[in-house]
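Computed over heavy atoms, backbone and side chain alike; hydrogens, waters and symmetry mates excluded.
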Amino acid sequence: MPSTPRRRQAASALLALGAMLSAGACSVANSGPEAPGGGAAANTVRIVLPEEPPTLEPCDASLTATGRVTRANITEALTERDPSTGKLQPALATEWKQDSPTEWTFTLRPGVKFHDGTAFDAKAAAFSIDRTVGSTIDCNVDGYVFGGIELTATAVDDTTLKVKTAKADPILPLRLSFVEIVPTTTNKTGKVREPVGTGPYKIAKWDTGRSLRLERFAGYWGKAPEFAAAEYVWRAEGSIRAAMVKSDEADVAIGLAPEDGAGDAAVQYPNNETSYLRIDATKAPLNDIRVRQAINYAIDRNGLVASVFAGLGKPAGQLVPEGVTGHSTAIQAWPFDMAQAKKLVAEAKADGVPTDTPIKIIGRNGIYPKAAEAMEVVQNALIEAGLKVEIEMLDVNAWLEYLLRPFPKNLGPTLLQAQHGNQAGDAAFTMGQIYGSKGAQSSYGTPELDDLIGKAEQASGEERQTAFAAALEHQNKQVVRDAVLAHMTGILALSPKVTYQPNAATNDEMRLADMHPAG
């Protein structure tokens, strides 16, 4: 295992964007008298988001809105995955080794301090793992990353941590890259809104509804980031976010669409997200596989990508994209066949399936550009196929109630507008939580699929790839729990005052240390 820290600001992570830089001398971003939200402006990078983070709770950092602010900025993990290579790198752990199929030893970085001045050690690491995986506070990371895996973490001494799993887990160090480390004084029986971490930035002020300011942590163990502070604001309209960069009110704006008008400031990047509809297959008429198949046949994915997504994406048939262990080359996007969709709905209706029962699409504002328009396209297609469909668009906090177990009670049949990014690079981070019978984001599963997922999770090497691909193919043919729409492409707007190279993890983890004043 590697034993030297990765340079977070490696030259390969920079983007010169020479055509976007002014011809004059180097300028510091946000050098005016005041930043949005009222913070001090000097040497501050200003970022405008589509939505305010619902929380900065570290054990919910697998949620996009939380993780893009928290991960690697405020808090850090023992390990981290390089999105450009897929390799696992040291972070708060300098090295690790597998002692047996169920036991690992991690050597921790000495001399690291938390923002409150307390020392990071193996007790803090063990506490953070137990708080994330073994507590009852319903951490999203627990369901997303661990999915019921039982483990115990024990501090041997200040810099040695033992982690033991109930079953063999070949990718435990990768899973632990999602456990953000916090001090032992952190609340273990409830979630925290503003965490204390070891990262290069600490929370300075969160003015709810207006802005969030992070400031550089003087006691950071690694190389100090170049920007002294980061100021986050949020605007729901993409065109406003783009305009803020063009008018020098912001330096970085994310979640944009081509028509938002970013112009020369626009930067496209593969964002590792796949958009899909989660089908609640426990309720009629969605409990009939013919209706679920009809939904897939009725959606014109090529047309959706070409029109609503303006070509920024690729029609998809599975949540695990290319480059991720477990991706199946045998699965293609469902073909658009409205005649077949109508036929399947009619057959189900003739057999007594209540196809006239209203189905509700639960959408999320700002989940991706033109989210509401995409759901309107889907609604029209499903109505044409012979189903009754309504739409309810929600903001992120209300939408999360439908994404995560326990789901709201007394719901009728629903389709949940969702997006999944597998930035970890292994299908284990998709299959259990989304398709397992007890998965944190799963509305339906089968014993057969659970068994296939379980066997794949125990495998390694080429056997792991083959086993997960087989599980995905079974889901696609025998379960049909969702309607996958497209692998997405992201757009952000970047000020000429800042250099930054977005990557496949940017949507979930936007590292401030990778942003630099241009000059």
Residue pairs passing the salt bridge (Lys or Arg N to Asp or Glu O under 4.0 Å) test where at least one lies in residues 137-156, sequence neighbours excluded:
none
Please report the interatomic distance CG(Leu394) to CD(Gln417), rounded to the nearest 0.5 Å.
10.0 Å
For salt bridge (Lys or Arg N to Asp or Glu O under 4.0 Å), just list the numbers for Glu322 and Lys314, CA-CA rounded to whole Å, side-chain angles, deciding distance to a tenth of an Å, and then say yes or no.
CA-CA 12 Å; Glu322 293 181 25; Lys314 178 182 178 182; 3.6 Å; yes
Between CG on residue Leu319 and CZ on residue Arg278, distance to nearest 0.5 Å:
11.5 Å
For Lys438, is there an ion pair with Asp450 - N to carboxylate O distance below 4.0 angstrom?
no
Rounded to the nearest 0.5 Å, what separation is found between the OH atom of Tyr201 and the OG1 atom of Thr75?
14.5 Å
So, taking the atom named CG in Asp300 and the one named OG in Ser307, what distance separates them when rounded to the nearest 0.5 Å?
8.0 Å
Do Gln89 and Glu80 get their side chains close enough for a donor-acceptor pair, meaning under 3.5 Å?
no
Given Val179 and Leu78, is the side-chain contact (heavy atoms from CB on, under 4.5 Å) satisfied, shown in steps?
CA-CA 8 Å; Val179 176; Leu78 298 179; over 6 Å; no
Please round to the nearest 0.5 Å and tell me the distance separating atom OG1 of Thr66 and atom CD of Glu57.
8.5 Å
Could you list the residues that satisfy ring-ring contact (aromatic ring centres under 6.0 Å, His included) with Phe146, not counting sequence neighbours?
none
Does anything in residues 452-473 form a side-chain hydrogen bond (donor to acceptor under 3.5 Å, both in side chains)? List the pairs, not counting sequence neighbours.
Ser328-Glu473, Asp426-Arg464, Asp451-Lys455
Asn422 side chain to Thr430 side chain, donor-acceptor N/O pair below 3.5 angstrom
yes
Atom CG in Leu312, atom OH in Tyr368: separation rounded to 0.5 Å?
13.5 Å
Please say whether more than 12 non-hydrogen atoms of neighbouring residues, nucleotides or ligands are located less than 6.0 Å from CG in Asp395.
no
All pairs passing ring-ring contact (aromatic ring centres under 6.0 Å, His included) where residues 447-476 contributes a residue, at least two apart:
none
Think Arg511 forms a cation-pi with Tyr500, using NZ or CZ under 6.0 Å from the six-ring centre and within 45 degrees of its axis?
no
Do you see a donor-acceptor pair shorter than 3.5 Å between the side chains of Thr489 and Gln268?
no
Test side-chain contact (heavy atoms from CB on, under 4.5 Å) on Leu472 and Met431 and set out the steps.
CA-CA 8 Å; Leu472 279 165; Met431 299 301 291; 3.5 Å; yes
Within 6.0 Å of NZ in Lys191, more than 12 heavy atoms from elsewhere:
yes
With a 4.0 Å cut-off on N to O distance, would you call Glu509 and Arg81 a salt bridge?
no
Greater than 12 external heavy atoms within 6.0 Å of Lys360's NZ:
no
Do Trp334 and Asn476 get their side chains close enough for a donor-acceptor pair, meaning under 3.5 Å?
yes
Evaluate the side-chain proximity of Arg364 to Val396: yes if any heavy-atom separation is below 4.5 Å, no if none is.
yes
For Asn272, all residues meeting side chain to side chain donor-acceptor pair (under 3.5 Å), sequence neighbours excluded:
none
Can you tell if the side chain of Leu411 reaches within under 4.5 Å of the side chain of Tyr402, non-hydrogen atoms only?
yes
Residues in salt bridge (Lys or Arg N to Asp or Glu O under 4.0 Å) contact with Lys164, at least two apart in sequence or another chain:
none
Centre of Phe429's six-membered ring, under 6.0 Å away, within 45 degrees of the axis: is that where NZ or CZ of Arg175 sits?
yes
Say whether Asn287 and Tyr444, considering side chains only, have a donor N or O and an acceptor N or O under 3.5 Å apart.
no
